[in-house]
Amino acid sequence: MASDVTPVTSVTSGTSVTPVMSAAVLRALGKPLETEVRPRPVPGPGQVLIRVRAAGLCHTDLHLTDGSAVTPPLPIVLGHEIAGEVAEAGEGTAVRPGDRVLAYYYEGCGRCGWCAEGSENLCPSPAAKVGFDSDGGLSEYHLASARRLVPIADSVAFAEAAVLGCSGTTAVRAIRCVARVAPAETVAVIGAGGVGLAVVQVAVADGARVITVDPHGPSREQALRYGADTALDPAATDPVAAVRAATGAGGCDVVVDTVGSEHTPGQAVRMARTRGRVVLVGYTGRPAALDVLDIVVRETEIRGSVGATLADAHTVMEMAASGLIRGCVEAEYPLERVNEALARLAEGGVTGRLVVTP
Ligand SMILES: [Zn+2]
Ligand SMILES: [Zn+2]
């Protein structure tokens, strides 16, 4: 599936030279991405052209390529986890060429009540959801609005910054803003994928005692390295009974479900103590069974947590600069091998995330 790409940096037509770039383009749902040469965008006022150094892939990209959860407009350049250097800064921007930046993927309308309170993740008519409805980072260059750029410290690798732009930000929102985890609370995290491993790290950074549940051994080991106290294999033990036994207080204060299968939300409720908080982050699009009586009699608080805000992106990049959170990257692929990376992701069993380095 990988195509050989001869590097082309510009095309000449008549006397003018147009700079170009390679981009991986989704032209049809369910089909491999096509690497093609396109004109390099020119930043207008308030815009910045970024030389992409790392673009993370997550399961959302699989849902987008086959249209199973969200149908993107076609053709589109996917990639919502984007880190790189400023190549060209448009008029009225505060960045300079060479600055290391995360291009946060979500840009609210800037006019609604949700945007006004800084909750642009809830904006009903966002200006852009980059990599979902407008061109993203699987490209040598990415044109971004300056207001969604977040500085990356020199100590943080581009690949780690890119994946934290999705997984870390989601974790900050779920743990700090939605679950409101307090020091010494117990937090169970279902799923130790990219988001789950970030949730573990934010909860540990905030002083919680963390139990992680995942069938994939290397992911459990990574969760322990990130500071989880206990890592349970749900294939080997009843995860609900094991979590309740490990907490010894009738369940956890907080349970975060990063999987969202038919079974995990119900397990999350049963892992939580009376008046515990359950945060649903993962989803599959399929319905899940919940024991309503159990929720009623134990006054369980259940909340969803969707994406994150620009403020969360600033928080996670500051945490990364202080060494409080790491982006977990299993492997890096050049742009022309992006389909191989997507196939690897679909296969399952990736520890953390895969990153494309255009
Ligand atoms: Zn993502
Ligand atoms: Zn809005």
Side-chain angles (χ1 to χ4, degrees), residues 1-13 18-44 47 49-84 87 103-107 125-145 148 159 162-163 165-166 194 283-285 307 331-348 350 353-358:
M1 277 192 289
S3 59
D4 290 327
V5 180
T6 310
V8 183
T9 55
S10 64
V11 289
T12 308
S13 89
T18 309
V20 295
M21 62 179 187
S22 293
V25 183
L26 178 68
R27 294 205 157 269
L29 297 180
K31 290 284 188 304
L33 306 187
E34 295 173 30
T35 306
E36 60 183 49
V37 174
R38 295 181 149 197
R40 191 186 301 172
V42 177
Q47 292 181 320
L49 185 69
I50 295 165
R51 175 69 182 92
V52 180
R53 294 299 177 193
L57 296 175
C58 77
H59 277 91
T60 302
D61 295 305
L62 295 178
H63 294 314
L64 286 161
T65 52
D66 63 14
S68 59
V70 202
T71 309
L74 299 175
I76 188 170
V77 175
L78 299 177
H80 56 276
E81 309 178 356
I82 311 163
Y104 189 57
Y105 64 92
Y106 209 95
E107 191 175 337
S125 47
K129 283 171 81 180
V130 174
F132 292 79
D133 64 10
S134 63
D135 284 346
L138 292 176
S139 179
E140 286 180 298
Y141 290 86
H142 172 66
L143 185 64
S145 151
R148 60 183 176 84
V163 302
C166 173
Y283 58 89
T284 60
E332 298 184 13
Y333 293 76
L335 187 64
E336 55 272 25
R337 285 174 57 204
V338 62
N339 290 307
E340 214 179 295
L342 287 168
R344 169 77 188 93
L345 193 61
E347 212 173 88
V350 171
R353 288 271 163 94
L354 303 176
V355 166
V356 173
T357 52

**Geometric class of the Phe132/His80 ring pair [parallel <30°, tilted 30-60°, perpendicular >60°]** = tilted

**Rounded distance (nearest 0.5 Å) linking atom CD of Glu140 with atom OG1 of Thr357** = 11.0 Å

**From Leu138, Val77, Asp61, residue fulfilling side-chain contact (heavy atoms from CB on, under 4.5 Å) relative to Leu33** = Leu138

**Prompt:** Looking only at heavy atoms, what is the nearest atom pair of Ile50 and Ala144, with distance?
**Reply:** CD1-CB, 3.9 Å

**Prompt:** At what distance, to the nearest 0.5 angstrom, does CZ of Arg353 lie from CG of Leu57?
**Reply:** 9.0 Å

**Prompt:** Once you round to the nearest 0.5 Å, how far does CZ of Arg51 lie from CZ of Arg40?
**Reply:** 8.5 Å

**Prompt:** What pair of heavy atoms forms the shortest contact from Ala23 to Ser139, and how long is it?
**Reply:** CB-OG, 3.6 Å

**Asked** Side chains of His59 and Leu345: closer than 4.5 Å at any heavy-atom pair?
**Response** yes

**Message:** Taking side chain to side chain donor-acceptor pair (under 3.5 Å) as the definition, give me every residue that meets it alongside Thr284, ordered by chain and number, with sequence neighbours left out.
**Reply:** none

**Asked** Which heavy atom in Ala162 sits nearest to a heavy atom in Glu81, and how many Å separate them?
**Response** O-CB, 3.1 Å

**Item:** From CG (Leu62) to CG (Leu78), nearest 0.5 Å
**Value:** 10.0 Å

**Prompt:** Closest approach of Pro39 and Thr18, non-hydrogen atoms and distance?
**Reply:** CB-CG2, 4.3 Å

**Asked** Considering only heavy atoms from C-beta outward, does the side chain of Leu29 approach that of Pro72 to under 4.5 Å?
**Response** yes

**Request:** Please report the closest heavy-atom contact between Pro358 and Val356, naming both atoms and the distance.
**Result:** CD-O, 3.3 Å

**Request:** Quick one: pull up CZ in Arg27 and CD1 in Ile76 and give me the separation to the nearest 0.5 Å.
**Result:** 12.0 Å

**Request:** Please name all residues satisfying side-chain contact (heavy atoms from CB on, under 4.5 Å) with Pro43, sequence neighbours left out, ordered by chain then number.
**Result:** Gln47, Leu49, Glu88, Leu143

**Request:** Calculate, to the nearest 0.5 Å, the distance between atoms CD1 and CZ belonging to Ile82 and Arg148 respectively.
**Result:** 6.0 Å

**Prompt:** Tyr141 and Val52: which non-hydrogen atoms are nearest, and at how many Å?
**Reply:** C-CG2, 4.0 Å

